[in-house]
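The next block holds one structure in the form of structure tokens; read it before the comments.
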Amino acid sequence: MAETKELSSKHILGIKNLKPEDLHLIFKTAKNFKEVINRPIKKVPSLRDVTIANLFFENSTRTRISFELAEKRLSADVVNFSAGSSSVKKGETLLDTVNNILSMKVDMVVMRHPAPGACAFLAQNIEANIINAGDGTHEHPTQALLDAYSMMEVIPQLKGKNVLICGDIKHSRVALSNIFCLTKLGANVKVCGPPTLIPKYISKLGVSVEYNMRKALEWADIANVLRIQLERQDIRYIPSLREYAQYYGIDKTLLNSLNKPVVIMHPGPINRGVEISSDVADSDQSIILQQVENGVAVRMAVLYLLAAKRK
Ligand code: CP
């Protein structure tokens, strides 16, 4: 594959419209930044002339803190916006809100929004670089990038490896971005969950489907476990969380009964005792906290590469 020195897009709206060369450039840059953030002085001056607004119209712990730390480690000026305490509550539109913030000389926007396509809409209407920090059930591109980066720290060559994504696929932007990312990297991707939580179109994305969790785990080298997103379910897709845990929950007894080790991942937040037990989440097989650590380096890479597109 031809190496590239710059991203093909001025925005990160989703993994779907990134090229494999973009992914490799982000991973290579993130590796350098991971070295930086493990130094005693974790800061570089790369973005000292850049102002970034973090606009969160939906709750977040990991993504929000990770972006803010990434921006500060790059010496950017940072402003944070929460919809709940803003004039959105008085009826101001998304575009008016963002245009007002941009008129204060903001260069880049990181946005999480409950509406799928909200970041693409902004990108069509404003000049600043947009980074999608999760748009409804659509995409969460930086999560997929940090997931793939974390997988490659354990299994450097993902091409031909078996990656399972399990749980609530239907409502998960993490699942969709992971599918786009992993298939571009040449991994074999399978999804597993209750039939009601697997979209009917999923096989068109180049992934296979398994409804039995034991069989799925026996196939997998890596399992990325997702939570049930009750907050996005307009109707009940499962009879109860207790039954979900019984049929699709991953615990140590199940993992120990497999014929091989499986690397366990979770984007968070975890529902302990539902999709994953504590003895799995906190075990040596789990790389959940490594994912969170890598999130800062991967987001530094994305911000740095997008800022270079401004020059
Ligand atoms: N993984 C993730 O997006 O977590 P937050 O919702 O806490 O940002």
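Counting starts at 1 for both ligands and their atoms, in listed order.
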Side chain to side chain donor-acceptor pair (under 3.5 Å) contacts in which one or both residues fall within residues 265-275, not counting sequence neighbours: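 The answer is H266-E275, R272-S278, R272-D282.
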Under a 3.5 Å distance rule, please check whether K184 uses its side chain to pair with a backbone N or O of K16 as donor and acceptor.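 Yes, the answer is positive, given that a donor and an acceptor are paired below the 3.5 Å cut-off.
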Hydrophobic cluster identity match, L13 and L305, side-chain contacts under 4.5 Å: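 No, L13 and L305 fall in different hydrophobic clusters.
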So which pairs with a foot in residues 136-165 pass ring-ring contact (aromatic ring centres under 6.0 Å, His included), sequence neighbours left out?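 Every candidate ring-ring contact (aromatic ring centres under 6.0 Å, His included) pair involving residues 136-165 fails, so no pair, neighbours aside, qualifies.
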On a heavy-atom basis, which atom in A301 and which in I26 lie closest, and how many Å separate them?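 Between these two residues, the closest heavy atoms are CB-O, 3.6 Å.
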Hey, what polar pairs (N/O, under 3.5 Å) does ligand 1 make with protein?
unit_1, atom_1, unit_2, atom_2, d
ligand 1, 1 (N), Q143, OE1, 3.1
ligand 1, 1 (N), P267, O, 2.8
ligand 1, 1 (N), G268, O, 3.3
ligand 1, 3 (O), T63, OG1, 2.9
ligand 1, 3 (O), R112, NH2, 2.9
ligand 1, 3 (O), H140, NE2, 2.9
ligand 1, 4 (O), R62, NE, 3.0
ligand 1, 6 (O), R112, NH1, 2.8
ligand 1, 7 (O), T61, N, 2.8
ligand 1, 7 (O), R62, N, 3.0
ligand 1, 7 (O), R62, NE, 3.2
ligand 1, 7 (O), R62, NH2, 2.9
ligand 1, 8 (O), S60, OG, 2.6
ligand 1, 8 (O), T63, N, 3.0
ligand 1, 8 (O), T63, OG1, 2.6
ligand 1, 8 (O), R112, NH1, 3.4
ligand 1, 8 (O), R112, NH2, 3.4

Partner set under salt bridge (charged side-chain N to carboxylate O under 4.0 Å, His left out) for E210, not counting sequence neighbours: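 Testing E210 for salt bridge (charged side-chain N to carboxylate O under 4.0 Å, His left out), a comparison that skips the adjacent residues, returns none.
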